[in-house]
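Reading through the structure tokens given below for one structure.
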Amino acid sequence: MDVATVGAEKVAMGRARILAELRKVIIGQDDVIEQVLIALFTGGHCLITGVPGLAKTLLIKTLAAILDLDFKRIQFTPDLMPSDITGTEILDEEQGTRRLRFVKGPIFAQIILADEINRTPPKTQAALLEAMQEYHVTAAGRTYPLERPFFVLATQNPIELEGTYPLPEAQLDRFMFHIIIDHPPEDEEFDVVRTTTAVLEPRFERTVTGPDLIAFQRLVRRVPVAEAVMRYALTLVRTSRPKAKLAPETVKKYVGFGASVRAAQYLVLGAKARALTSGRYHVSFDDIRALAHPVMRHRVLTNFRAESEGITTDAIIDELLQVVPVPKSGM
């Protein structure tokens with residue numbers, strides 16, 4: 001499939017059709033929707049953080065309704081066990097014989113909504129995150145593959161943190177994006193109140209199939225990237241590490257650990273998808289810069305000094321975008 005011909009047009013058309021269906025119920029949140037679709041088109045997973053009432057769950061449920069994919073929602077609670085997610089073996093009795101049969105859990109779907117993932121203990125979190133990374137489940141010595149495409153959208157509530165279990169940094173690294181949903185502008189919030197308090201019975205058209213998404217994900221990886229653009233992404237990531245020679249004083253002062261190599265990989269991969277869905281067949285420096293925050297905010301780990309002085313990870317990424325020069329030959 002040639003990136004510059006029919007394949008690229010089909011990706012752009014698929015994105016447009018998904019957006020048109022999402023807009024039947026989702027008002028505003030342009031950046032959030034763009035980042036979710038980029039992750040979908042690259043095979044990545046998303047962690048979405050926002051206070052209640054900002055349509056996190058509605059966005060994911062609507063996306064599942066639009067896509068011709070199997071969808072499951074898992075409500076994470078403190079008493080949830082790993083087998084409640086992955087499945088368990090039960091004893092069957094048939095015709096005088098007994099045998100163990102594996103009953104698949106809700107993880108065996110193609111779109112998973114992991115609601116309030118930080119409310120369940122680490123052992124259960126790890127069961128989900130292992131499946132995200134390996135695309136299979138192991139139970140009683142047998143391996144059960146997960147059907148592709150496999151897309152996890154996990155949500156977190158930033159308030160009421162008492163009794164929650166924050167995801168370890170190594171497991172956060174498995175999410176392509178950490179997306180922050182904030183309160184919308186006044187006009188958009190008015191439209192939300194107006195539409196959600198009226199009769200709303202949208203009918204969704206299933207616009208994109210599983211094989212379509214797999215083809216899109218393969219096509220995205222074929223988008224060319226200039227060496228200068230790739231090196232710019234890598235420099236952004238390396239400069240976030242306190243021991244790097246080019247690290248600014250802000251990083252050395254406030255960062256405990258910088259971004260991992262996965263940050264550079266996801267910056268480039270996400271930028272490829274952003275370019276392709278925008279109708280372009282090459283990646284620009286702006287594509288890298290546009291995705292710096294969702295890719296790096298959960299990978300740049302601040303220290304106690306930053307917390308005590310109110311320095312956020314987003315502020316540090318802003319600083320990196322200012323101090324790391326964009327090559328003058330940029331596109």
Any donor and acceptor pair, going by atom type alone, linking the side chain of [X] with main-chain N or O of [Y] inside 3.5 Å?
X	Y	result
Lys272	Arg221	yes
Arg297	His178	yes
Thr124	Leu80	yes
Gln217	Asp212	no
Arg241	Ala259	yes
Thr155	Glu116	yes
Arg280	Val283	no

*With under 30° as parallel and over 60° as perpendicular, where do the rings of Phe102 and Tyr144 fit, or are they tilted in between?*
parallel
*Can you label the angle between the Phe151 ring and the His45 ring as parallel, tilted or perpendicular, going by 30° and 60°?*
parallel
Compare every heavy atom of [Y] with every heavy atom of [X], then report the nearest pair and how far apart it is.
X	Y	answer
Leu234	Ala264	CD1-CB, 4.1 Å
Lys252	Pro242	CG-O, 3.6 Å
Ala273	Ile38	CB-CG2, 3.9 Å
Gln29	Asp182	NE2-O, 3.8 Å
Ile117	Gln125	O-NE2, 3.1 Å
Val32	Leu59	CG1-CD2, 3.8 Å

To the nearest 0.5 Å, tell me how far [X] [atom1] sits from [Y] [atom2].
X	Y	atom1	atom2	answer
Thr250	Ile316	OG1	CD1	7.5 Å
Asp287	Ser278	CG	OG	6.5 Å
Leu213	Leu67	CG	CG	6.0 Å
Gln133	His136	CD	NE2	10.0 Å
Leu22	Leu37	CG	CG	6.5 Å
Ile214	Phe150	CD1	CZ	13.0 Å

Linked, directly or transitively: [X] and [Y] (ILVMFWY side chains, under 4.5 Å):
X	Y	answer
Met132	Met176	no
Ile74	Val103	no
Leu69	Val152	no
Ile48	Ile26	yes
Ile18	Ile179	yes

*Sole residue of Leu40, Ile60, Leu47 in side chain to side chain contact (heavy atoms under 4.5 Å, CB included) with Leu153*: Ile60
If we only count heavy atoms from C-beta on, is the [X] to [Y] side-chain gap below 4.5 Å?
X	Y	answer
Val268	Val225	yes
Ile111	Asp70	no
Phe177	Val295	yes
Thr120	Tyr165	no
Arg299	Phe257	no
Leu129	Leu167	yes
Leu236	Leu321	yes
Val261	Val237	no

_Pair His293, Ile180 - check side-chain contact (heavy atoms from CB on, under 4.5 Å), show working._
CA-CA 10 Å; His293 286 86; Ile180 304 294; over 6 Å; no
*Please step through side-chain contact (heavy atoms from CB on, under 4.5 Å) for the pair Phe216 and Val208, ending with a clear verdict.*
CA-CA 10 Å; Phe216 292 167; Val208 176; 4.1 Å; yes
*Go through the steps for Glu309 and Arg305 under the test salt bridge (Lys or Arg N to Asp or Glu O under 4.0 Å), then give the verdict.*
CA-CA 6 Å; Glu309 297 184 22; Arg305 186 171 185 176; 3.3 Å; yes
*Report the C-alpha separation of Phe71 and Leu113 in whole Å, then their side-chain angles, then the decisive distance to 0.1 Å, and conclude whether the side-chain contact (heavy atoms from CB on, under 4.5 Å) test is met.*
CA-CA 8 Å; Phe71 168 71; Leu113 167 55; 3.8 Å; yes
*Does the ring of Tyr135 carry Arg148 above it, NZ/CZ under 6.0 angstrom from centre and within 45° of its axis?*
yes
_Residues Asp173 and His298: side-chain donor-acceptor under 3.5 angstrom_ = no
Is any side-chain N of the basic residue among [X] and [Y] closer than 4.0 Å to the acidic one's carboxylate O?
X	Y	value
Glu227	Arg231	yes
Asp115	Lys61	no
Arg274	Asp286	no

*Mind running side-chain contact (heavy atoms from CB on, under 4.5 Å) on Leu320 and Met296 for me, showing each step along the way?*
CA-CA 11 Å; Leu320 290 173; Met296 297 177 66; 3.9 Å; yes
*Step through the shown structure and confirm whether more than 12 heavy atoms of other residues, nucleotides or ligands are within 6.0 Å of CG on Leu246.*
no
*Answer yes or no: are there more than 12 heavy-atom neighbours, outside Arg238 itself, under 6.0 Å from its atom CZ?*
no
